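Quick caveat: nothing in here was measured; it's all calculated off a predicted structure.
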Amino acid sequence: QVQLEESGGGLVQPGGSLTLSCAASGNIFTILTMGWYRQAPGKQRELVATITSSGDTNYASSVKGRFTISRVNALNAAYLQMNSLKPEDTAVYYCYADLRPVTTLRRDNYWGQGTQVTVSS
């Protein structure tokens, strides 16, 4: 079984910073892409940022220049450094991984349970 676990969410004031962590565990053969999505109340889940195993990154235009995604392949971990946070960044943030498990080697997407980020004064 493969599990993704997020941590680091919380309440922060506008203009503040927060770092989210995501750790993948279980019988993993290889992780191709890791990333973060978010879902605000009443809205659809949207892409925040992704990073490939070679370090290529992609960001939503709304977070470009403020958020930085990184990963440590040896730890099967990804991180999202969020700076200059705005109230509109308030959402549940979900980690995902596009990976091949040892059991099937079939490429599939796996999701974490989500962590709440609230930006408010």
Inter-residue atom distance [X].[atom1] - [Y].[atom2], 0.5 Å rounding:
{"X": "Gln81", "Y": "Leu18", "atom1": "CD", "atom2": "CG", "answer": "8.5 Å"}
{"X": "Arg107", "Y": "Asp98", "atom1": "CZ", "atom2": "CG", "answer": "4.0 Å"}
{"X": "Leu20", "Y": "Arg38", "atom1": "CG", "atom2": "CZ", "answer": "11.0 Å"}

State, to 0.1 Å, how close [X] and [Y] come at their nearest heavy-atom pair, and which atoms those are.
{"X": "Phe67", "Y": "Tyr59", "result": "O-CE2, 3.2 Å"}
{"X": "Thr90", "Y": "Val119", "result": "OG1-N, 2.9 Å"}
{"X": "Val12", "Y": "Gly16", "result": "CG2-CA, 3.8 Å"}
{"X": "Arg66", "Y": "Leu85", "result": "NH1-CA, 3.9 Å"}
{"X": "Met34", "Y": "Asn76", "result": "CE-O, 3.9 Å"}
{"X": "Pro14", "Y": "Ser120", "result": "CD-C, 3.6 Å"}

- [ ] Answer with yes or no after comparing the ring centroid distance for Trp111 and Tyr96 against a 6.0 Å cut-off, counting only values under it.
- [x]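 Yes, the ring centres sit under 6.0 Å apart.
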
- [ ] For the pair Arg71 (side chain) and Ile51 (backbone), establish whether a donor and an acceptor sit closer than 3.5 Å, ignoring hydrogens and angles.
- [x]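 Side chain of Arg71 to backbone of Ile51, a donor-acceptor pair under 3.5 Å: yes, one is there.
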
TODO: Look only at the side chain of Glu6 and the backbone of Cys95, and say whether a donor-acceptor pair between them is shorter than 3.5 Å.
DONE: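 A pair under 3.5 Å: yes.
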
- [ ] Take Ser17 and Asn83 through the side chain to side chain donor-acceptor pair (under 3.5 Å) test and state the conclusion after the steps.
- [x] CA-CA 4 Å; Ser17 298; Asn83 297 327; 2.9 Å; yes

Would [X] end up clustered with [Y] when hydrophobic side chains under 4.5 Å apart are linked, directly or stepwise?
{"X": "Ile31", "Y": "Val2", "answer": "yes"}
{"X": "Tyr93", "Y": "Val63", "answer": "yes"}
{"X": "Leu80", "Y": "Val92", "answer": "no"}

Task: Tyr94 six-ring face occupied by Arg45 cation (under 6.0 Å, within 45°) - done: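 Verdict for Tyr94: a cation-pi partner in Arg45.
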
- [ ] May I have the step-by-step check of side-chain contact (heavy atoms from CB on, under 4.5 Å) for Leu32 and Ser53, ending in yes or no?
- [x] CA-CA 5 Å; Leu32 295 95; Ser53 57; 5.6 Å; no

Hey, are the side chains of [X] and [Y] touching, using non-hydrogen atoms and a 4.5 Å cut-off?
{"X": "Phe29", "Y": "Leu99", "result": "no"}
{"X": "Ile28", "Y": "Tyr110", "result": "no"}
{"X": "Thr115", "Y": "Ser7", "result": "no"}

Open item on the list: Strictly below 4.0 Å, N to O, side chains only: are Arg100 and Asp108 in salt-bridge contact?
Closed with: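 Answer for the salt bridge query: no.
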
